[in-house]
Amino acid sequence: MSKKELTAIAGPDFAEVVQLISAARQHAYQAVNTTLIELYWQVGAYISNKVKAAEWGDGVITQLAQHLAVTQPNLRGFTSSNLFRMRQFYETYQDDQIVAPLVRQLPWTHNLIILGRSKRAEEREFYLQLAIKERWSKRELERQFNTALFERMVINPVKLSTVLRETQPEALNVFKDSYVVDFLNLPQDHSEADLHQGLLGKLRQFLSELGRDFCFVGSEFPLQVGKQDFALDLLFFHRGLNALVAIELKVDRFSPEHLGKLNFYLEALDRDHKKPHENPAIGVLLCASKDDEVVEYALSRSLSPAMIAEYQTQLPDKKLLQAKLHEFYLLNIAEVDQG
């Protein structure tokens, strides 16, 4: 059937029917996945209880896999290695009433990645919640581990202006202190134009790094104030925060005067572009580097909903971040004991 014929039979309400079908398919997929995860949980519980009761050893689990392969030749996913993972899966989450329901909302492959790569219970919960919220694919989830997102979020929490923190507290869960843009393959001495064009050329990856609720509005977005024309580097809209998000790019170290220009752009957006039902525009200064103390001073008196973050052109040193995270936890434990 030609495109012209398809257009001819299309009706004004057909799109809604297509959406209903798509929603039903997604619901069916989720139902199947939940049933499968529940099965793996029950099998893991059965094996765990047998082993704890000293009725089974590890060799029996291998025998079970062989038995299933012979008696259920069309059954997949019950190899000896996967049966051991089911046991580990159950034993890891059995006593966690908060996290246990979350695992049923993700595919088995996602659960295995989180189970295998997380070092702490807090880290597992962190990735489980974000994977559900952001609907990460397997590849996107693996990328978040490679960028050490958990370590970065704990060690360097996002820094917001007082206004943004008070008016949009959910922004703490939306923005990051640093964004990894290794996919741009930028040279060390790149220019602002290189960064700008790179982000536009890899917009899909950048949106994934920003978060699912970000929607691209425009590049070099025109702002006219008085008789002068200005251009905002990147403009997005965040559905959850119901606000325009202006991103200004800087390929050098953050300087307090950068914030003045961003505040000016936010005022122009609120006066001339914000819809009546939207919240005030939010500003993000994305810099090559920053001094956290300078950032704290600059944001403390800012009357605009703004934040300063840095971009990283290479994957962070995960081992170094894990060592810093270990020190962070030790310091917190020491402070609690002293208190």
Side-chain angles (χ1 to χ4, degrees), residues 110 113-161 164-165 169-186 188 195 198-199 202 205-214 236 238 240-241 245 247 249-251 253-254 282 284-296 298-299 306-333:
H110 286 55
I113 292 170
I114 294 172
L115 194 61
R117 299 193 61 171
S118 297
K119 305 296 183 184
R120 304 170 183 272
E122 305 96 310
E123 185 177 7
R124 287 193 293 269
E125 182 178 354
F126 173 85
Y127 283 111
L128 283 167
Q129 291 182 339
L130 271 183
I132 294 169
K133 176 186 174 185
E134 297 293 333
R135 301 178 187 175
W136 286 331
S137 65
K138 174 187 174 183
R139 180 177 297 180
E140 288 171 330
L141 176 59
E142 288 177 330
R143 170 175 162 73
Q144 299 308 325
F145 274 101
N146 292 337
T147 64
L149 180 60
F150 174 72
E151 290 88 346
R152 290 188 290 125
M153 294 286 279
V154 174
I155 297 170
N156 297 308
V158 63
K159 298 162 185 66
L160 312 177
S161 67
L164 180 54
R165 194 166 54 249
E170 184 58 28
L172 287 167
N173 299 320
V174 170
F175 297 104
K176 306 172 188 174
D177 185 69
S178 63
Y179 293 88
V180 181
V181 292
D182 60 302
F183 48 83
L184 298 183
N185 297 316
L186 291 170
Q188 188 172 0
L195 175 61
L199 291 175
K202 300 284 187 177
Q205 291 95 319
F206 186 44
L207 282 168
S208 177
E209 178 67 8
L210 288 174
R212 177 165 291 273
D213 275 347
F214 280 90
F236 295 85
H238 191 275
L241 298 176
V245 178
I247 298 183
L249 306 173
K250 299 295 178 184
V251 294
R253 193 178 185 86
F254 167 72
I282 297 170
V284 178
L285 266 172
L286 196 56
C287 309
S289 63
K290 57 183 175 62
D291 184 309
D292 287 341
E293 191 170 1
V294 174
V295 168
E296 193 274 326
L299 290 178
M307 63 159 293
I308 292 97
E310 65 180 21
Y311 66 90
Q312 299 179 10
T313 58
Q314 296 180 341
L315 289 175
D317 187 332
K318 191 172 177 67
K319 290 185 178 179
L320 177 61
L321 286 175
Q322 287 176 342
K324 289 184 177 180
L325 184 65
H326 181 67
E327 292 177 4
F328 174 84
Y329 278 112
L330 289 178
L331 181 61
N332 279 352
I333 291 173

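The shown structure was predicted, so the numbers you read here are calculated from the model rather than taken from an experiment. These values consider heavy atoms only, across backbone and side chains, with no hydrogens, waters or symmetry-generated copies.
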Aromatic plane relationship, Y127 with W136 - under 30° parallel, 30 to 60° tilted, over 60° perpendicular
tilted
Do L321 and F150 have side chains that get closer than 4.5 Å, going by heavy atoms?
no
In terms of the angle between their ring planes, are F206 and F236 parallel, tilted or perpendicular, with boundaries placed at 30° and 60°?
perpendicular
Looking only at heavy atoms, the pair that brings H238 and G240 closest together is ND1-N, 3.1 Å
Given 3.5 Å as the limit, does a donor-acceptor pair link the side chain of T147 with the main chain of Q144, or not?
yes
Side chain to side chain contact (heavy atoms under 4.5 Å, CB included) filter on R212, not counting sequence neighbours, yields E134, R135
Nearest-0.5 Å distance, CG of residue L164 to CG of residue L241:
8.0 Å
Contact between V174 and D213 at the side-chain level, heavy atoms closer than 4.5 Å - yes or no?
no
Can you confirm whether Y311 sits close enough to L195 that some side-chain heavy atom of one is under 4.5 Å from a side-chain heavy atom of the other?
yes
Hey, does the side chain of K176 reach the backbone of A309 with a donor-acceptor pair shorter than 3.5 angstrom?
no
Nearest 0.5 Å, what's the CG-CG distance between L141 and N146?
9.5 Å
Using only atom types and a distance under 3.5 Å, with no angle test, would you say the side chain of E209 pairs donor to acceptor with the backbone of V180?
yes
Nearest heavy-atom neighbours spanning A148 and K318
CA-NZ, 3.8 Å
Evaluate the criterion side-chain contact (heavy atoms from CB on, under 4.5 Å) for residue pair F126 and L149; output intermediate values, then yes/no.
CA-CA 10 Å; F126 173 85; L149 180 60; 3.8 Å; yes
Report the C-alpha separation of V154 and E122 in whole Å, then their side-chain angles, then the decisive distance to 0.1 Å, and conclude whether the side-chain contact (heavy atoms from CB on, under 4.5 Å) test is met.
CA-CA 10 Å; V154 174; E122 305 96 310; over 6 Å; no
Heavy atoms of other groups near K133 NZ, more than 12 under 6.0 Å
yes
I would like to know whether T313 and L184 meet side-chain contact (heavy atoms from CB on, under 4.5 Å); could you show each step before the answer?
CA-CA 7 Å; T313 58; L184 298 183; over 6 Å; no
How far apart are the C-alpha atoms of K290 and D177, what are their side-chain angles, what is the distance that settles it, and do they pass the salt bridge (charged side-chain N to carboxylate O under 4.0 Å, His left out) test?
CA-CA 10 Å; K290 57 183 175 62; D177 185 69; 2.9 Å; yes
With rounding to the nearest 0.5 angstrom, report the CG to CG distance, L210 to L286.
8.5 Å
More than 12 non-hydrogen atoms from neighbouring residues, nucleotides or ligands closer than 6.0 Å to CD on Q314, yes or no?
no
Identified side chain to side chain contact (heavy atoms under 4.5 Å, CB included) partner of F183 from the options V181, L186, N185
V181
V294 and I308: CA distance, side-chain angles, deciding distance, side-chain contact (heavy atoms from CB on, under 4.5 Å) verdict:
CA-CA 10 Å; V294 174; I308 292 97; over 6 Å; no
A288 versus V251, closest heavy-atom pair with distance:
CB-O, 3.4 Å
Which atom pair, heavy atoms only, marks the closest approach of S137 to E140?
N-OE1, 2.8 Å
If you look at every heavy atom in M307 and V158, which pair is closest and at what distance?
CE-CG2, 3.6 Å
With a sphere of 6.0 Å drawn around NZ of K202, does it hold more than 12 non-hydrogen atoms of other residues, nucleotides or ligands?
no
Reported CD-to-CD1 distance for the pair E327 and I155, which is rounded to 0.5 angstrom:
8.5 Å
Return the CG to CD distance between D182 and Q312, rounded to the nearest 0.5 Å.
9.5 Å
In Å and rounded to the nearest 0.5 Å, what is the CD1 to CD distance from I114 to E142?
11.0 Å
So, the side chain of K159 versus the backbone of P157: is there a donor-acceptor pair under 3.5 Å, distance only?
yes
Testing the basics here: between L299 and L160, what is the closest heavy-atom pair and its distance to 0.1 Å?
CD1-C, 3.8 Å
Look at K324 together with E151 and state whether they make a salt bridge at an N to O cut-off of under 4.0 Å.
no
